[in-house]
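These notes concern the structure reproduced below.
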Amino acid sequence: MVIFTKMKITKPKHFNFQYCLEYFSRSPKEKCHSVIENSILKAIQIDDSNLLIRVSEDKNAIKVDVLNKTIGSKDKTKLKSLLTEWFDLETDLSSFYKSISKQDPSYSVILANKGLRLIKELDLFEALTWAIIGQQINLNFAYTVKSNFVENYGTKLLWEGKNYYYYPRPKQVLSISDESFKSMLFSKQKAKYLREVAKYCLENSEAKSRLIKMDIEKAQEELMTIKGVGTWTANYVLMRCLHFTNSLPAKDVALQNVIRLIYKLDKKPKAEELILKTKHWNGWESYRTFYLWHYLSKLKK
DNA sequence: AGCCAGGTGTACA
DNA sequence: TGTACACATGGC
């Protein structure tokens, strides 16, 4: 096999690539990346060129191979920053671990996953629509819907006989008929929400870079002006896409269930109760949530 | 059979 | 402010 461009990125302190693989193996229905032999394959776009990259590791470095093209040094730099954002390589996890006392009920659960980094959604439209797809339904069904959506409206990159998909773009979403949404198993309201998000993204092309710079409250407020984006969806996007470390999806049933487990509560806490119980998470709400989700997904297996 | 899954908007009082 | 309700499917 020809590899066109090879790159290495130094691993930061506290980085466990196996956890990345676990994360990306969550669902066999996932179409926007594949996990093959301890590596992650993903179609990405840099400027206007369509690349297929393979991410793996050796002892000291994260290895990034571009499988379908040769790229110049400018694009290599862009690829490196893309990877840095995607795997959240710049967060200082030492201070995260230091912020957790040994008496903390979730201490052992979190420290057991040392080196797990909060995997980011690079694209705001993808983050918003994926969150909406996942509202109220179980994750497995959410992946079914996403898979239908990506297969029907995503762009394909063909490489060695296999299709790698790009997530659908806002403009394409506006052309989807009610019947087509229905056949992909979207509810009527979610179809409507997706159109709302598509309009927002088309009218605010610089939204991501703008929102990242805002106060979390202001950013959340703006996201929630979109019909279909409530507090949960906004929280999800703030943590998974907009780099806020202090976003707490208190209305999240999965998070409520883990808290119930860890604190041995009779029933799952309501959002208000969860907010009180997590006061000491201050500053690391997003990371804590991501770790607990990861813990839960491993429990289920 | 009925309830719960990584919720939200709308309709009422 | 607070509560009821529809919405999609699937697993238990």
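Letters A, B, ... are given to chains in the order of the sequence lines, protein chains preceding strands, and every chain is numbered from 1. Computation of the quantities below employed the complete heavy-atom set of this structure, encompassing side-chain atoms and omitting hydrogens, waters and symmetry-equivalent molecules.
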- Query: Counting only side-chain N and O atoms of A:N257, is one of them less than 4.0 Å from OP1 or OP2 of B:dA5?
  - Reply: yes
- Could you state the NZ-P distance from A:K267 to B:dC4, rounded to the nearest angstrom? 12 Å
- Ignoring hydrogens and angles, state whether a donor on the side chain of A:Y167 or A:T129 is under 3.5 Å from an acceptor on the partner side chain. yes
- Query: Are A:N140 and A:K29 linked by a side-chain donor-acceptor pair shorter than 3.5 Å?
  - Reply: yes
- Comparing nearest nucleotides in DNA chain B, the 5'-proximal residue of the pair A:K192, A:R240 is A:R240
- Task: Measure from CD1 on A:I133 to C1' on C:dT9 and round the result to the nearest Å.
- Result: 14 Å
- Over how many whole Å does the gap from A:I226 atom CD1 to B:dT8 atom P extend? 12 Å
- Is the shortest side-chain N/O distance from A:K190 to OP1 or OP2 of B:dG9 below 4.0 Å? no
- Query: Over how many whole Å does the gap from A:Y193 atom OH to B:dG7 atom P extend?
  - Reply: 13 Å
- Query: With a non-hydrogen cut-off below 4.0 angstrom, is A:I137 in contact with a base, only sugar-phosphate, or nothing?
  - Reply: base
- Which one, C:dT9, B:dA5, B:dG9, comes nearest to the side chain of A:Q136? B:dA5
- Message: Can you confirm whether the side chains of A:S106 and A:D104 place a donor and an acceptor under 3.5 Å from each other?
- Response: yes
- Query: For A:Y295, is the NZ or CZ atom of A:K298 found under 6.0 angstrom from the centre of its six-membered ring and inside 45 degrees of the ring axis?
  - Reply: no
- Query: Hey, are A:E285 and A:T278 close enough side-chain-wise for a donor-acceptor pair under 3.5 Å?
  - Reply: no
- Nucleic acid contacts - residues 140-152 of chain A versus DNA chain B, non-hydrogen atoms under 4.0 Å: none
- Note on the structure: Residues pairing under side chain to side chain donor-acceptor pair (under 3.5 Å) where one sits in residues 194-203 of chain A, two or more places apart or in two chains, turn out to be A:D178-A:R195, A:Y200-A:E222
- Item | N/O (side chain, A:K251) to phosphate O (OP1/OP2, B:dT8) under 4.0 Å | yes
- Which of the following nucleotides, B:dG9, B:dT8, C:dC7, is nearest to the side chain of A:K227? B:dG9
- Take the protein atom CD of A:Q189 and the nucleotide atom P of C:dA6, then report the distance between them rounded to whole Å. 12 Å
- Note on the structure: A:I132 CD1 to B:dA5 P, in whole Å, measures 21 Å
- Find the distance A:W232:CH2 to B:dA5:P and express it as a whole number of Å. 13 Å
- Query: For B:dT8, does either OP1 or OP2 sit under 4.0 Å from a side-chain N or O belonging to A:T233?
  - Reply: yes
- Task: Using the C1' atoms only, state how far B:dA5 lies from C:dG2, rounded to an integer number of Å.
- Result: 25 Å
- So A:H14 and A:Y97, would you call those rings parallel, tilted or perpendicular, with 30° and 60° as cut-offs? perpendicular
- Taken to the nearest whole Å, CZ/A:R260 to C1'/B:dC4 is 12 Å
